[in-house]
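Below is one structure, written out as structure tokens, with a few remarks after it.
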Amino acid sequence: MIRKKDKKAKNKRITFHGEMGGKLRVFLILAFAAVYILSMLLATWVDQLGRRNDYWEKIEKADQEIWDDMRYKAQAERISADDAAEAEDNWQIDQLYEELSAAALINSTEYQMLSAAVYDMDGNLAAQSTNLLTAEIENEYGTAAVSWPLSDYLTEKELETLAGYVDENSRPHEYAGITYEIKAAKSEEGNGLEAISVRRLFYSTEDVKEAGNIGLVWQWQNTGGDHDGITYAALNRLQAAEVYFPGLRQNGGIENWQEWMESDYLQNYPEVYQEQAFHKETGSITLQMETSSELFLSDDYYRPEYTLVIRSVGYPWKEAVDSLKYIYLWGGILTVLCAGLVLCVVEKTFRRRALLEERQRDFTNAIAHEMKTPLAVIRGFAENLDEDVNKEKRKYYLEQIIGQTERMDDMVKEMVYISRLDSEKYTPAKEEISVRALLRGIVDAYSTQLEEKQIELHISCRDDFLIKGEKRFIEKAFSNLIANAVDYNRYEGKIQIDIEKDKCVIQNTGEKIPEEDLPRVCELFFTGSQNWDGSEKHFGIGLYLAEKIFRMHRLRMKIENTDAGVRVTVG
């Protein structure tokens, strides 16, 4: 018997935790992971499409700003492209360098870097976005803005040093104002850059603690590199300057500027431009975009002075991923919760299914076992009747056959009750039941058995115990308890029933239940160590039914031994 039970338990573990159950769980986990990944990829793809449109809008905006600013400045100075070519200060080219560099600076971000270039009417490169220093220089005619492409004067190391100071100026500080003051000097002859000076400033008494850092921190003179000082003549010509490092003032800082510098697509414009590019786009992960337009600086719209070309290097996927990181997080959490919920439901279904299969096997085995004995008795008595027996034995055999038939009929009725209780669709009716009235009716039905065994029964009721449920099932449960209390009681024994507001206690003076059998008394077909002798009327179903009915009505049944016998508490 023990081996059979161990084998059943093993089969149960294989059914639930074995290959099929494990495969289903893995499949569900992979399915949820696939849904999460695909949905996030789709969301990212849609988002990056929107980023591409934003990049084109920014290019068009930069194009319009350059066109508007250059046209305004040209009209303000009343100078045309032809006149500017003859001017000694080359005003228009300087302004183009400034506008293109400023556009690259303002519009370059961590995810999109811009540069721009202009070509003259012959298609030759006139100016492009670059690292630029501009200053207002006084001359005999007044004050004029002069621009110097820093890459023509400074080494890469010097550029990076100066960029570091400019980056520091763009960061937030405890006080308002510029942290570093940058000045530049034009050479005495021509418009070349002669010197650059960087000084650390302070604006409040709180900065006195940093007095060691106040003053000149870096200088450069156009004589081949860094020097201990700037010549006196150049020092007198120093003017406040503005420095443009594209990408430096946006989120990327120095790193973004370095990436802008390393991009061949943004830096290397052809010397001669021949083919117009209208919304040219290449690449997917790294998106290269180019557009061109005609630049009119005068009122003559039939003759453009320049061709404006704007290039962009964008990272729409990277920006989409960064913008959706919280969506990924919450989507992942939601997916895990949903997957966990589904796995719990599936696991619960598996457990219920395994339990039902086990109970079905046990039920079938128990029925077969319980039916085997009465059928064997019926067969034996029927074979005896087939022989020529006297009248008295014949009557005895018939009585035994009828008794066994009634026993099997009672067993079938009990099975019907179990079947109805196990139905998932069944829900008990809700009516208020008086346990006191119910027990009095049940006791009256057992009056004959009580008289035969001369059992003394007392009912004590302080407050009526009211139960909401279906009367016929509650009556069946208490009837089984009373039947056990009568059948297993001793001759001239006692039964004490105490009814209180929230419980009912039934005590009898029958034999105590062995301690090892107490945990199993409510199992189906469990009859303990008693052997069937032909007179036993209990099939191990009564307590199982009673406990199941009470549990269905949210009541608890407790069975325990006492000094006098057995006590059952329902409440």
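Position 1 is the first residue of the sequence, and the numbers go up from there. These numbers come from a predicted model, not from an experiment.
Here the side chains of Leu545 and Lys476 are in contact, with some heavy-atom distance below 4.5 Å. Taking 4.5 Å as the limit, some side-chain heavy atom of Leu162 sits within range of a side-chain heavy atom of Val198. Side-chain contact between Leu295 and Thr307 is absent, with no heavy-atom pair separated by less than 4.5 Å. By the 4.5 Å heavy-atom criterion applied to side chains, Val166 and Tyr180 are not counted as neighbours. With a 4.5 Å cut-off on side-chain heavy atoms, Asn124 and Tyr273 do not count as touching. Ile442 places a side-chain heavy atom less than 4.5 Å from the side chain of Glu475. Side-chain contact between Leu287 and Arg52 is present, with heavy atoms from C-beta onward closer than 4.5 Å. Side-chain contact between Thr109 and Gln112: present, with at least one pair of heavy atoms (C-beta onward) separated by less than 4.5 Å.
Qualifying side-chain contact (heavy atoms from CB on, under 4.5 Å) partners for Ala117, counting only residues two or more places apart in sequence or in other chains: Tyr119, Leu125, Gln128, Tyr269. Under the side-chain contact (heavy atoms from CB on, under 4.5 Å) criterion, Thr335 pairs with Phe32, Tyr36, not counting sequence neighbours. With sequence neighbours excluded, the residues that form a side-chain contact (heavy atoms from CB on, under 4.5 Å) with Lys503 are Glu500, Val505, Thr569. Residues forming a salt bridge (Lys or Arg N to Asp or Glu O under 4.0 Å) with Glu98 (at least two apart in sequence, or on another chain): none. Under the side-chain contact (heavy atoms from CB on, under 4.5 Å) criterion, Thr349 pairs with Val345, not counting sequence neighbours. Judged as a side chain to side chain donor-acceptor pair (under 3.5 Å), and not counting sequence neighbours, the contacts of Glu515 are Asn561.
Checked by atom type and distance alone, the side chain of Ser108 never pairs as donor or acceptor with a backbone atom of Pro246 at under 3.5 Å. Judged by distance alone, the side chain of Ser129 and the main-chain N or O of Ala116 form a donor-acceptor pair under 3.5 Å. Looking only at distances, a side-chain donor or acceptor of Glu158 sits under 3.5 Å from a matching main-chain atom of Thr155. Between the side chain of Asp264 and the backbone N or O of Asn268, no donor-acceptor pair lies under 3.5 Å. With hydrogens and angles ignored, the 3.5 Å screen pairs no side-chain donor or acceptor of Asp464 with any backbone N or O of Lys501. A donor-acceptor distance shorter than 3.5 angstrom exists from the side chain of His553 to the backbone of Glu470, with no hydrogens or angles considered.
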Please assess Phe478 against Phe550 for the test ring-ring contact (aromatic ring centres under 6.0 Å, His included), listing each intermediate value before the final yes or no. CA-CA 10 Å; Phe478 276 108; Phe550 288 135; 5.2 Å; yes

Under the side chain to side chain donor-acceptor pair (under 3.5 Å) rule, what do Tyr328 and Thr44 come out as? Steps first, then yes or no, please. CA-CA 10 Å; Tyr328 297 151; Thr44 307; 2.4 Å; yes

Apply the test side-chain contact (heavy atoms from CB on, under 4.5 Å) to residues Glu290 and Glu281: give CA-CA distance (whole Å), side-chain angles for both, the deciding distance (0.1 Å), then the verdict. CA-CA 7 Å; Glu290 181 177 324; Glu281 180 179 310; over 6 Å; no

The test is side-chain contact (heavy atoms from CB on, under 4.5 Å); show your working for Leu555 and Arg551 and say whether it passes. CA-CA 5 Å; Leu555 295 173; Arg551 189 174 66 250; over 6 Å; no

Run the side-chain contact (heavy atoms from CB on, under 4.5 Å) check on Ile254 and Phe245 step by step: do they pass? CA-CA 9 Å; Ile254 287 289; Phe245 285 102; over 6 Å; no

Decide side-chain contact (heavy atoms from CB on, under 4.5 Å) for Glu547 and Arg556; before the verdict, give the C-alpha distance in whole Å, the side-chain angles of both, and the deciding distance to 0.1 Å. CA-CA 8 Å; Glu547 195 269 341; Arg556 183 170 176 265; over 6 Å; no

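In this structure, CG in Asp502 is found 11.0 Å from CG in Leu466, a value given to the nearest 0.5 Å. Remark: Lys280 NZ to Met289 CE distance equals 13.0 Å, nearest 0.5 Å. Once rounded to the nearest 0.5 Å, the distance linking CZ of Arg567 with CD1 of Ile559 reads 12.0 Å. Between the CG atom of Asp322 and the CG atom of Asp47 there is a distance of 10.5 Å, given to the nearest 0.5 Å. Atom CG of residue Leu105 and atom CG of residue Asn131 lie 10.0 Å apart, to the nearest 0.5 angstrom. Between atom CZ of residue Phe296 and atom CD of residue Glu294 there is a gap of 4.5 Å, rounded to the nearest 0.5 Å.
Enclosure of atom CD in Glu516 by more than 12 non-hydrogen atoms of other residues, nucleotides or ligands within 6.0 angstrom is indicated.
The side-chain tip of Arg51 does not point at the ring of Tyr111 from less than 6.0 angstrom away and within 45° of straight on.
Summarising the geometry of Asn480 relative to Ala546, their closest heavy-atom pair is ND2-N, 4.3 Å, with the distance given to 0.1 Å. Leu248 approaches Ala163 most closely through the heavy-atom pair CD2-O, 3.4 Å. Across Tyr165 and Trp218, no two heavy atoms sit closer than the pair CE1-CB, 3.6 Å. Between Leu266 and Trp260 the shortest heavy-atom distance is CD1-CD1, 3.5 Å. Smallest separation of non-hydrogen atoms from Ser312 and Tyr265: O-CE2, 3.7 Å. Taking each heavy atom of Pro149 and Tyr153 in turn, the nearest pair found is O-CD1, 3.3 Å.
If you check the side chains of Asp167 and Trp257, you find no donor sitting under 3.5 Å from an acceptor. At a cut-off of 3.5 Å, with distance as the only test, a side-chain donor of Glu319 or Tyr55 sits close to an acceptor on the other residue. Defined by atom type and a distance below 3.5 Å, a donor-acceptor pair is missing between the side-chain atoms of Glu242 and Thr134. With no hydrogens or angles considered, no side-chain donor-acceptor pair links Thr130 and Tyr244 at under 3.5 Å. Using modelled atom types, one finds no donor on one side chain facing an acceptor on the other under 3.5 Å when comparing Asn53 with Glu57.
The pair Asp54-Lys58 fails the salt-bridge criterion, with no side-chain N (NZ, NE, NH1 or NH2) lying under 4.0 Å from an Asp/Glu carboxylate O. Taking a cutoff of 4.0 Å between a charged side-chain nitrogen and a carboxylate oxygen, Glu432 and Lys468 do not qualify as a salt bridge. Using a 4.0 Å cut-off between charged side-chain N and carboxylate O, Arg351 and Glu347 make a salt bridge.
Of the candidates Val309, Leu132, Leu308, Ile310, Leu100 forms a side chain to side chain contact (heavy atoms under 4.5 Å, CB included) with just one, namely Leu308.
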